[in-house]
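Notes for the one structure printed next.
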Amino acid sequence: MTRFTDKQQSGEGHAAVVRIEVERATTRDMRRRNRSTLLSELFFRGPLSRHDLSRITGLSAATASSVTGELLQEHLIVEAGQIESDGGRPRVLLRVNPDFGRLVGADVGETGVKVELFDLSMTRLAAVDEPLPSSRPAPEAVAGQLLAGIREVLGDTDPADVIGVGIGVPGTVEQSDPVRVHAPTIGWRGTSLDGLLRDGGVTAPLFFENGAKSLGQAEMWFGAGRGAANAVIVLVGSGVGAAVITNGTLYRGASSSAGEWGHTTVVYRGRQCRCGARGCLEAYVGAEGILDRYQQVNPGLVRSADELADVAALIAAGTPEAEGILAETAGMLGAGIGNLVNLFNPERVVLGGWAGLALGARFLPQIRAAAGEQALEHPFGQVSIELCELGPDAVAFGAATLPMAELLRRASRP
Ligand SMILES: [Zn+2]
């Protein structure tokens, strides 16, 4: 008791100092939040005037004006012409400065490595695409391809201008330090690329994310997910995955593996899956699963090394065997979506990935019907099932949104 009192007495001056520090920190936090809010509005909805910004965000005109002044001075935003206002002076429009820096987005897929360069308006400036050296590539080989790709897309660009490098990978990304990738389908177990990329000379901040989650962020920002607070973006390609967004936030689970939809069971003790388990959704609706099942009913089938071309040929075949496999695939995909509807009650499910889009282009009504047969009536009545809008190949684009998200959050270089 005595000690407590002593401490309290001698601590009075200290408490005042602490209070001032806390107030400073609060003012700083608020300043940063305001910067982030205004920069994000300009990124997603710009060009906008200071008047628009104040109206949309609820910040006072004085705050909007002083914060945008600061952002202009730091070249994070630029003026973008003027608009007439009713009776008053013309209003200056503002937008994010596309040349404040560059973003690199990469997609380490199950068949190839793609690297793309973007400005801050998310305009693609350069792209390279290389096939993987093997179906179970060594991390050193993939890091080598990423480094060569980054060098190539950068060209004459000063590496110091790179805000960050986002990399989409197959499998679970554990957001530890260093980041670890668990991708059994390509033979990676707790693999880290950080050191290899740093040794190769990459100095910009690195961001790793699961490919489906990268695609999910891109579709939520600019595609079919826009405006939805509760959505599931599903990716069907060689692998099958999903990004679950609840109340506007990506659902990760305890160690970021949430959304491994491809490895949920659709047939107890069914087909062998690449993950080691049996009866997974991916073993039926992933590209390899589709082609394996087709081969079973069509033993004369000659397969190439190009799954994309083989799936396209299956869709175009028109034989009863081919149509049977496609109908079954659409049914299983729909049933898998029905599971998502029952588990997460999304307002929207967005189907993407190259195989998902190829199937969806012809079978979306059947996929919707199968989802409706399996899902509970009430949540199914609330959900729309749509196709991705950013094309079959948006993982690298999605990966580039990872450093952009960090820039918007901090309102300064990550
Ligand atoms: Zn599996």
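Whatever order the structure lists them in is the order used to number ligands and atoms, beginning at 1. Any value given below was found using the heavy atoms of this structure, including those in side chains, with hydrogens, waters and symmetry copies removed.
Applying the salt bridge (charged side-chain N to carboxylate O under 4.0 Å, His left out) definition to pairs two or more places apart or across chains, none involves residues 235-246. Evaluation of the salt bridge (charged side-chain N to carboxylate O under 4.0 Å, His left out) test over residues 37-64, restricted to residues two or more places apart or in two chains, returns E41-R45, D52-R55.
Judged as a salt bridge (Lys or Arg N to Asp or Glu O under 4.0 Å), and not counting sequence neighbours, the contacts of R410 are E406.
Rounded to the nearest 0.5 angstrom, L351 CG and E386 CD are separated by 10.5 Å.
Residues S238 and E307 have side chains that bring a donor and an acceptor to within less than 3.5 angstrom of each other.
The aromatic rings of F344 and Y251 are tilted relative to each other, their planes meeting at an angle between 30° and 60°.
Counting only protein N, O or S atoms, the number found under 2.8 Å from the Zn ion (ligand 1) is 4.
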